[in-house]
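What follows is a short report on a single structure.
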Amino acid sequence: MADHLPDLDTAVSTALQAVEAALTLDELREAESSVLGKHGVFAAAKKRLASLAPEERAPAGASINAARAAVEAAIGERRAALSTGERAKLLESDRIDLTERRRPEQRGHLHLVTQTQQHLEDVFVAMGFSVEEGPLVETDWHNFQALNIPPAHPARANQDTLYLDFGAPETTLLRTHTSPVQIRTMLSKAPPIYAICPGRVYRKDTPDARHTPAFSQIEGLVVDRGITFGDLAGTIDAFTKAYFGADINARLRPAYFPFTEPSAEFEVTCAICRGDGCRTCSNTGWIELGGCGMVHPAVLRAVGIDPEEWSGFAFGFGIDRCAQVFHTISDMRVMADNDLRFIRQF
Ligand code: DAH
């Protein structure tokens, strides 16, 4: 009574379709339990074996087992295929390409102040100057005394000094200007000297539009035979044209610095208002960059250079201030803020 059994060929082909249709391991598991499970077509067929004539049971049982084995084999194959596929997908989604480069616009670059320092160095190196460096932590002697600023000299009050407490034997401080590098250069080299000394300096200042407590300066020093104030003025003029371009002018105004005599303040046309007067230049049309003058004989004597034989000039100005003028930045505080919206513009 084989007609009591379900049609095994149809059962197998329906089961194979369900197996093929499974797109994930979970779907395959569902198909498997509905076909091969307790309520599946093969379980039902087996139950009916009992109602068959005894001699029909063995061949019917064998064809049920063969049909079931065919479906099991198909499920096994499908499972293998799906699990390699899912593993590949998993690997792909976890993949990190270590050779992948970041997009160029996300790469870092030198800070504006560093770029400006390098630009200034290039201009002076092209004029024949060498680049010298000195320590950020200085002795009182290098920062003040050798520069003709003895203890209790009023000029110390202008440079709000950050003193360090390392104890005896010497007073130490964070250098308030790059001028001590002049001293170190003259102590380590014999004239003729044509040097610039760029670097960071520190002052106990409250930040405002034109001041920050840590900033950068560039110092210049020339010591040779027969150097005059005309050489100083010519050098400042040549530098201003080379760095800022033809539309920015420089002017020197009489000033006082203990380490130079005579001394002058060095100003350039305010690039923000082009000389008309604005908030940044306090309506003068000029921005003060720094100071300069003829090296004081007392300074030459302090480092063992004979002022009768040698003369020289020096200058010192703010690197951040140069960047401010060059790029027309109205507030200096952005230089130290590390705000990427500012940094990325340069
Ligand atoms: N050291 C001075 C300052 O920080 C700037 C300066 C003025 C440097 C005159 C010089 C100079 O070399 O001759 O205010």
Side-chain angles (χ1 to χ4, degrees), residues 117 120 124 129-136 138-149 153-162 173-187 191 193-205 210-224 227-236 239-240 250-268 287-300 302-303 305 307 310-322 332:
Q117 177 173 328
L120 292 168
F124 281 108
F129 286 70
S130 69
V131 180
E132 306 292 336
E133 282 183 356
L136 304 182
E138 266 298 4
T139 66
D140 187 279
W141 187 81
H142 288 90
N143 195 82
F144 290 127
Q145 293 177 48
L147 288 161
N148 202 28
I149 314 174
H153 190 287
R156 290 189 180 220
N158 303 336
Q159 305 211 349
D160 302 291
T161 309
L162 291 156
L173 41 84
L174 289 177
R175 68 180 183 194
T176 57
H177 50 180
T178 42
S179 304
V181 192
Q182 282 186 33
I183 300 299
R184 289 183 178 274
T185 306
M186 288 188 283
L187 286 172
I193 294 169
Y194 291 79
I196 51 157
C197 328
R200 277 181 106 50
V201 302
Y202 302 88
R203 295 199 191 163
K204 212 166 36 183
D205 263 343
R210 278 187 295 180
H211 301 91
T212 52
F215 57 102
S216 296
Q217 281 190 337
I218 187 163
E219 189 82 12
L221 174 70
V222 167
V223 182
D224 205 340
I227 297 292
T228 67
F229 199 93
D231 297 314
L232 166 60
T235 303
I236 296 278
F239 154 74
T240 306
R251 73 172 183 183
L252 298 178
R253 296 204 308 162
Y256 169 76
F257 296 101
F259 29 91
T260 42
E261 181 59 36
S263 304
E265 255 166 26
F266 161 27
E267 296 181 329
V268 292
I287 297 238
E288 191 198 324
L289 271 195
C292 58
M294 301 307 290
V295 181
H296 198 291
V299 174
L300 294 175
V303 292
I305 294 178
W310 305 96
S311 60
F313 65 78
F315 55 84
F317 55 84
I319 293 178
D320 314 60
R321 191 60 64 78
C322 274
M332 288 279 267

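Numbering of ligands and ligand atoms starts at 1, following listing order.
- Those atoms of ligand 1 with a heavy atom of Phe257 less than 4.0 angstrom away are 7 (C), 9 (C).
- By the 4.0 Å N-to-carboxylate-O rule, Asp140 lies close enough to Arg156 to be salt-bridged with it.
- Taking a cut-off of under 4.0 Å to the non-hydrogen atoms of Gln217, the atoms of ligand 1 that pass are 3 (C), 4 (O).
- The atoms of ligand 1 that sit less than 4.0 Å from any heavy atom of Gln182 are 12 (O).
- In the vicinity of Ala314, heavy-atom distances shorter than 4.0 Å reach the ligand 1 atoms 12 (O), 13 (O).
- Not close to ligand 1: Gly290, with no non-hydrogen atom less than 4.0 angstrom away.
- We find that Glu138 and Arg184 are joined by a salt bridge, their nearest charged nitrogen and carboxylate oxygen being less than 4.0 Å apart.
- Using a 4.5 Å heavy-atom threshold, the side chains of Val303 and Gln182 count as separate.
- When hydrogens are left out, the protein atom nearest atom 5 (C) of ligand 1 is Gly316 O, 3.9 Å; that is the closest non-hydrogen contact.
- Under a 4.0 Å heavy-atom criterion, Phe259 is in contact with ligand 1.
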key: side-chain contact (heavy atoms from CB on, under 4.5 Å) between Phe144 and Thr161, intermediate numbers included   = CA-CA 11 Å; Phe144 290 127; Thr161 309; 3.5 Å; yes

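- Residue contacts with ligand 1 for Ser179 involve side-chain atoms from C-beta outward but no N, CA, C or O (heavy atoms, distance under 4.0 Å).
- If you number the atoms of ligand 1 from 1 as listed, the ones under 4.0 Å from a heavy atom of Glu219 come out as 8 (C), 10 (C), 12 (O).
- Checked by atom type, the side-chain pair Glu132/Thr185 shows no donor-acceptor distance below 3.5 Å.
- The distance from ligand 1 to the heavy atoms of Arg203 drops below 4.0 Å at these ligand atoms: 3 (C), 4 (O), 14 (O).
- Near Gly293, with a cut-off below 4.0 Å to any heavy atom, the atoms of ligand 1 are 13 (O).
- Donor-acceptor pairing under 3.5 Å is recorded for the side chains of Arg200 and Ser216.
- Close approach to Thr260 involves these atoms of ligand 1, each under 4.0 Å from a residue heavy atom: 13 (O).
- Ring orientation note: the planes of Phe317 and Phe124 are tilted relative to one another, at an angle of 30° to 60°.
- For an aromatic pair to be called close, the ring centres must be under 6.0 Å apart, and Phe259 with His177 satisfies this.
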